[in-house]
Structures are given as structure tokens and as C-alpha cells.
J.: 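Just passing along the structure, written as C-alpha cells.
Lettering of chains follows the sequences in order, A, B, ..., and the numbering in each one begins at 1.
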Amino acid sequence: MTYPELVICEYCDSVWCRSELGDHEIARCGRCRAVLYRASRADIDQLLALTLAAAIVFVIANASPVIRIAVSGMHNEANLLQSIAALSHGSGLIVGLVAAATLFVVPLLQIVLLGWVLVFARARRRAPGFAFAMRWLHRIRPWSMTEVFLLGVLVAIVKLSGMLSVIAGPGAWATAILTVLITLIAQHDVRTLWEPLSARVAVELRE
Amino acid sequence: MTAAPRARELGLTGCHTCGLACAAEHARCPRCDSRLHARKPDSLARCWAFLIAALIFYIPSNVLPVMYTSMLGRGEASTILHGVVEFWKAGSWDIALLIFIASVAVPSTKFLVLAALLVSARRRSAWARLQRSRLYRFVELIGYWSMLDVVVVALVCALIQFHLLGTAEPRLGIVFFGLVVVLTMLAAMSFDPRLIWDGDEE
């Protein structure tokens, strides 16, 4: 037996009945004040547009240099993957792998899995491997650290600007845009995609 | 206070992955096939294990240098705190503060908060439940910002590659530091915040 009309707080195990929320309203737990759910249902068209934009920006952010430096006639530049490689020498391999996972692999997987689920949802179909994709989207979410990379780029620019001439490369701007897109995507309650397709259609018809 | 019933009393379990309310007899969520747990298994023991491992690694991550830079033949190995002090001396107190918060304040806060939550949950303490619950969510939120130093070291080492003029290499300290961040995140994830409220019904 399952009870889709109930919601259980993840943080304190309290049971509440779901109710319709007005625009931008947030349902909070009456016991521990944690967020239970939000009014912003996953708008598939909007979410897919954001995900595709994120995919394009992700490629630019990783293919182009994030920082360029110049000193006495010599210059150098580095992108995300080169930075991870620089970290991975010898004993640094473990931390290099952590950086590769959190800054590259996890954000890439998030974009690919979400895009996969949404393309099918838009055609009112359940994607092959839907449950697998949704489970992994949930599991890897805490390990996505694009916004930390952005802050790291800013700190590195300040750190190096004391002794060299430093400019932010196109990769830095792309990372900034990617951070904004990821934040916008995170505002949608992706979990509502779990609702049966029939229920979604009913909601759309009512609207 | 209007006390809502708790899922375990009603014979229900909330799915961690998809959020569905399931009858407690299910071993796996009927909707998403994730394993269901009334409480995370061995939550306190696992959290302590990750936390103690993180605390042990935290020592070398602060004592050992995280980066070695050589400029015009003059080499220098710097630790995390050394980096903070340098920023401070150079006049960029804001960046110094930022790195201090991300690399020192955040991990220390996580150690103290998680240890306090573990002890109080163990004793089924009724003290400040709401605040402890909020504290847990705060720790979850701030945890990954400690990766900042790892990112900075990676970028600087990738950029400063001018052979004789200057080079920068990562050192062992940053490896330990990266592991501390991962271990404290695992510790926070293995703690079950529902334990804070267990005993509330009595």
C-alpha cells in the first residue's frame, strides 16, 4: 500500500496531508519547519529549456580556459579539466578523482539524466530507465559542486593578481551562467515527475 | 503544540528517494524501487565512524603543506592557514576571511555540530529539538563549500607552469583536506535527523 495523498517529513517523520498550494507557496513541516514541498511543480517545457541551455553552457565552460595569466612575456591558461589533471599528480590522484567527480562527472550526469527524463516526459511518455535515472539524480545531487568551482575561480584570480596579470577566460563566464542555470533548475520540484502521467495530464487540463 | 502523528507510529515509511508514503511492510518503495528504512541503518555508529575518520585526517590536512610554489628559484611550501595569513597581510582581508570560513570555520562547525547532534540523539534528549533540527539542515547546506581550497590549489597549479621562472605543485595536505570534506559530507548524510525527534511522543 502507498498513500500519495500523504507527505512524510524527511527530517522528523511527521505525517501530513497534502494540500494545494498557491503560487510560490512552500509547505513546511509543523514540527521541525523543514520544507515538505513547493508549489512550483516541474514545468516540463521550462525545465527542458533550462537543461538544454545548461548542456550547451557546460560544454563551453569545460572546453574554454577559465583563467589566463601573463608574466614577463610568457602566458598560460587553464580550463577545468587541466586543473583537475594538475591536481592529480602522484599522491594527489585521490583528491583529483574527487574533484573530477564533483566538478565534472556529477554535473554532466545531472544534465544528461534530467534531459533524458524530460525529453520523454514532454512527449507524455515515461523514459526507458525512468526510475533508474530519477534515483541517481537524487543520489548524486549533494555531490554537484559547480558553484564551489565558480567561487574557487574568483579566489584564484585574486590570489594570482598580486604577482601576475590575470584575466577571466570565457570558461569563467560560462561557469557563472551554468551556476545560475543550475540554481534555476533546482527551484523546480523534480520529484513531481514521479506522479503518474494521468495525474499530470489532469492538472494540465485544469490549468 | 498540535502534534502530527509520526510515520513509524502509523506503520508508514517515507521513501528517501521519491518521497512517497509507503506502508512499513514494504522492503522497497513500490514506485521507485529504493530500499525503505524507518530509520537509516546504524545511523549513529556510521556517523561517528565517518566523523572520527574526518577528525583524524583533519590534523595532517592542516599541518602538512597543501601547495609548493617556486618563484625565480625561491621555493616555498604553504599550509592552508599560511594561505589565509598571506591574503590578510596582502590587504585582501575579504578573501582571507572567505578562505578561513570555507577551510577552517566550516569543517570545525561540522565536527562540533555533528558531535553534539550525535550525543543528544543518543540520549534521546528533548532539549531544543527544533533548533537541533535546523542545525542539521544548516550543516547539510554548508558542507560542500569546504572544497573551495581544493579548487584554488588545482587552478593555481595548472596555471603556474613556467619552468625556471615559477612553478606550483599540489602537496599531500590537500589530499587529506579533500578527504576530510568527503568524510564530513558522508557523516552528515549517514546521520538520521528523525532520531532528534524520537521520544517526542512520550
J.: Side chains of B:His82 and B:Thr79: closer than 4.5 Å at any heavy-atom pair?
T.: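 Heavy-atom side-chain distance check passes, below 4.5 Å.
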J.: Is the backbone N or O of B:Ala158 less than 3.5 Å from a side-chain atom of B:Gln161, with the two atoms forming a donor-acceptor pair by type?
T.: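 Between the backbone of B:Ala158 and the side chain of B:Gln161 there is no qualifying donor-acceptor contact (under 3.5 Å).
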J.: Sort B:Leu155 into side chain, backbone, both or neither according to what part of it lies under 4.5 angstrom from a heavy atom of chain A.
T.: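 For B:Leu155, the contact with chain A is made by backbone and side chain together.
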J.: Please classify the contact between B:Tyr136 and chain A as side chain, backbone, both or neither, with a heavy-atom cut-off of under 4.5 Å.
T.: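 Only the side chain of B:Tyr136 comes within 4.5 Å of chain A.
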J.: Give a yes or no on this: more than 12 heavy atoms of other residues, nucleotides or ligands lie within 6.0 Å of atom CZ of B:Arg35.
T.: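 Atom CZ in B:Arg35 is not packed in, count stays at 12 or less.
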J.: Where is the tightest heavy-atom contact between A:Thr146 and A:Pro107, given as atom of each residue plus distance?
T.: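 Reported closest heavy-atom pair: OG1-CG, 3.5 Å.
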J.: Any side-chain heavy atom of A:Leu160 within less than 4.5 Å of one from B:Leu159?
T.: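 Sidechains of B:Leu159 and A:Leu160: in contact.
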J.: Return yes if some donor-acceptor pair links the side-chain N/O of B:Ser125 with the main-chain N/O of B:Trp127 below 3.5 Å, else return no.
T.: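 Yes, because the side chain of B:Ser125 sits within donor-acceptor range (under 3.5 Å) of the backbone of B:Trp127.
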J.: For chain A, which residues from residues 180-195 of chain B lie under 4.5 Å away (heavy-atom distances)?
T.: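 So far as heavy atoms go, B:Val182, B:Met185, B:Leu186, B:Met189, B:Pro193, B:Arg194 are the residues that approach chain A to under 4.5 Å.
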J.: State, without any angle test, whether B:Ser34 and B:Thr17 hold a side-chain donor-acceptor pair at a distance under 3.5 Å.
T.: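 Looking only at side-chain atoms, B:Thr17 and B:Ser34 do form a donor-acceptor pair, the distance falling under 3.5 Å.
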J.: So which residues of residues 167-174 of chain B are in contact with chain A at a heavy-atom cut-off of under 4.5 Å?
T.: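 If one takes a 4.5 Å heavy-atom cut-off, the residues of residues 167-174 of chain B near chain A are B:Pro170, B:Leu172, B:Ile174.
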J.: Report yes if the side chains of A:Leu114 and A:Ile185 come closer than 4.5 Å at any heavy-atom pair, otherwise no.
T.: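 Sidechains of A:Ile185 and A:Leu114: in contact.
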J.: In terms of heavy-atom proximity below 4.5 Å to chain B, should A:Ile67 be classed as side chain, backbone, both, or neither?
T.: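 Both parts, backbone and side chain.
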J.: Shorter than 4.5 Å, heavy atoms on both sides: which option in A:Cys32, A:Ser14, A:Ala78 has the most such pairs with chain B?
T.: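 Top option by heavy-atom pairs under 4.5 Å: A:Cys32.
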J.: Given heavy-atom pairs under 4.5 angstrom as the criterion, report whether the side chain, backbone, both or neither of A:Val66 touches chain B.
T.: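 Just the side chain, heavy atoms under 4.5 Å.
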J.: Identify which part of B:Ile95 has an atom lying under 4.5 Å from any heavy atom of chain A, answering side chain, backbone, both or neither.
T.: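 Answer is side chain: those atoms of B:Ile95 sit under 4.5 Å from chain A.
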J.: Under 6.0 Å from the CH2 atom of B:Trp88, do we count more than 12 heavy atoms belonging to anything else shown?
T.: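 No.
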J.: Counting heavy-atom pairs under 4.5 Å with chain B, which one of A:Leu137, A:Val98, A:Val158, A:Asn79 comes out on top?
T.: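 If we count pairs closer than 4.5 Å to chain B, A:Val158 comes out on top.
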J.: Would you check if A:Asn62 and A:Leu108 make a side-chain contact, meaning some heavy-atom pair closer than 4.5 Å?
T.: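 Not touching, per the 4.5 Å side-chain cut-off.
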J.: Checking heavy atoms, do the side chain of B:Phe87, its backbone, both or neither come under 4.5 Å from chain A?
T.: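 The side chain, not the backbone.
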J.: Does any backbone or side-chain atom of A:Ala34 lie under 4.5 Å from a heavy atom of chain B? Answer side chain, backbone, both or neither.
T.: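 For A:Ala34, the contact with chain B is made by backbone and side chain together.
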J.: Picking from A:Ser91, A:Cys9, A:Pro65, A:Ala131, which has the most non-hydrogen pairs under 4.5 angstrom with chain B?
T.: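 It is A:Ser91.
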J.: Looking at chain A, which one of B:Ser133, B:Cys32, B:Gly19 has the largest number of heavy-atom pairs inside 4.5 Å, strictly under?
T.: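 Looking at each option in turn, the highest pair count goes to B:Cys32.
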J.: Chain A: which of B:His16, B:Arg8, B:Met67 shares the most heavy-atom pairs with it under 4.5 Å?
T.: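 Looking at each of B:His16, B:Arg8, B:Met67 in turn, B:His16 comes out on top.
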J.: A:Asn76 side chain to A:Ile69 main-chain N or O, any donor-acceptor pair under 3.5 Å?
T.: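 Absent.
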J.: Please determine, among B:Ser146, B:Cys22, B:Cys15, B:Cys18, the option with the most heavy-atom pairs under 4.5 Å with chain A.
T.: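 Looking at each option in turn, the highest pair count goes to B:Cys18.
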J.: About how many Å separate CZ of A:Arg38 and CD of A:Gln187, when rounded to the nearest 0.5 Å?
T.: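 A:Gln187 atom CD to A:Arg38 atom CZ measures 7.5 Å (nearest 0.5 Å).
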J.: Output every pair passing salt bridge (Lys or Arg N to Asp or Glu O under 4.0 Å) with a member in residues 131-143 of chain B, not counting sequence neighbours, ordered by first then second residue.
T.: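 Residue pairs with at least one partner in residues 131-143 of chain B: there are none.
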J.: Compare all side-chain heavy atoms of B:Phe138 with those of B:Val113 and state whether any distance is below 4.5 angstrom.
T.: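 Heavy-atom side-chain distance check fails, nothing below 4.5 Å.
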J.: Please say whether more than 12 non-hydrogen atoms of neighbouring residues, nucleotides or ligands are located less than 6.0 Å from CZ in B:Arg39.
T.: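 Enclosed: over 12 neighbouring heavy atoms sit under 6.0 Å from CZ of B:Arg39.
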J.: Output the residues of residues 97-105 of chain B for which the shortest heavy-atom distance to chain A is under 4.5 Å, in residue-number order; output 'none' if no such residue exists.
T.: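 Listed by number, the contacting residues are B:Leu98, B:Ile99.
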J.: Based on non-hydrogen pairs under 4.5 Å, which of B:Leu148, B:Leu10, B:Val152 is most in contact with chain A?
T.: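 With the most close heavy-atom pairs to chain A, the winner is B:Leu148.
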J.: Using heavy-atom distances under 4.5 Å, tell me whether A:Ser144 contacts chain B through its side chain, its backbone, both, or neither.
T.: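 The answer is the backbone of A:Ser144.
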J.: Does A:Trp173 have more than 12 heavy atoms from other residues, nucleotides or ligands lying within 6.0 Å of its CH2?
T.: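 No.
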J.: Taking the ring centre of each residue, are B:Phe111 and B:Tyr58 less than 6.0 Å apart?
T.: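 Between B:Phe111 and B:Tyr58, the centre distance is under 6.0 Å.
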J.: A:Leu36 versus chain B, heavy atoms under 4.5 Å apart: side chain, backbone, both or neither?
T.: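 Neither the backbone nor the side chain of A:Leu36 comes within 4.5 Å of chain B.
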J.: Which bit of B:Thr13 is near chain A, if near means a heavy-atom gap under 4.5 Å: side chain, backbone, both or neither?
T.: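 The backbone, not the side chain.
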J.: With chain B, which of A:Glu147, A:Arg68, A:Met134 has the greatest number of heavy-atom pairs at distances under 4.5 Å?
T.: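 Max contact count across the listed options: A:Glu147.
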J.: Among A:Ala86, A:Gly96, A:Cys12, which residue has the highest count of heavy-atom pairs closer than 4.5 Å to chain B?
T.: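 Highest number of heavy-atom pairs under 4.5 Å: A:Cys12.
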J.: Relative to chain B, which segment of A:Leu103 carries a heavy atom at a distance below 4.5 Å: side chain, backbone, both, or neither?
T.: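 A:Leu103 touches chain B through side-chain heavy atoms alone.
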J.: Can you name the one residue among B:Arg6, B:Arg124, B:Arg129 that meets side-chain hydrogen bond (donor to acceptor under 3.5 Å, both in side chains) with B:Asp198?
T.: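 When side-chain hydrogen bond (donor to acceptor under 3.5 Å, both in side chains) is applied between B:Asp198 and each of B:Arg6, B:Arg124, B:Arg129, only B:Arg6 qualifies.
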J.: Measure the spacing between CG of A:Leu193 and CG of A:Leu47 and express it to the nearest 0.5 Å.
T.: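 It is 7.0 Å, given to the nearest 0.5 Å.
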J.: Does the side chain of A:Cys29 come within less than 4.5 Å of A:Glu10's, by heavy atoms?
T.: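 Not touching, per the 4.5 Å side-chain cut-off.
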J.: Could you check whether A:Arg126 makes a cation-pi contact with A:Phe120, meaning its NZ or CZ is under 6.0 Å from the centre of the six-membered ring and within 45° of the ring axis?
T.: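 Geometry flag: not set, cation outside 6.0 Å or 45°.
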J.: Below 4.5 Å from any heavy atom of chain B, which atoms of A:Leu151 appear? Answer side chain, backbone, both or neither.
T.: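 Both backbone and side chain.
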J.: Picking from A:Val148, A:Leu87, A:Thr2, A:Val95, which has the most non-hydrogen pairs under 4.5 angstrom with chain B?
T.: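 Top count of heavy-atom pairs under 4.5 Å with chain B: A:Val148.
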J.: Quick one, B:Phe177 and B:Ile80 - any side-chain contact, counting heavy atoms below 4.5 Å?
T.: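 Side chain of B:Phe177 against side chain of B:Ile80, heavy atoms only: contact under 4.5 Å found.
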J.: Which bit of A:Thr102 comes within less than 4.5 Å of chain B, counting heavy atoms only: side chain, backbone, both or neither?
T.: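 The answer is the side chain of A:Thr102.
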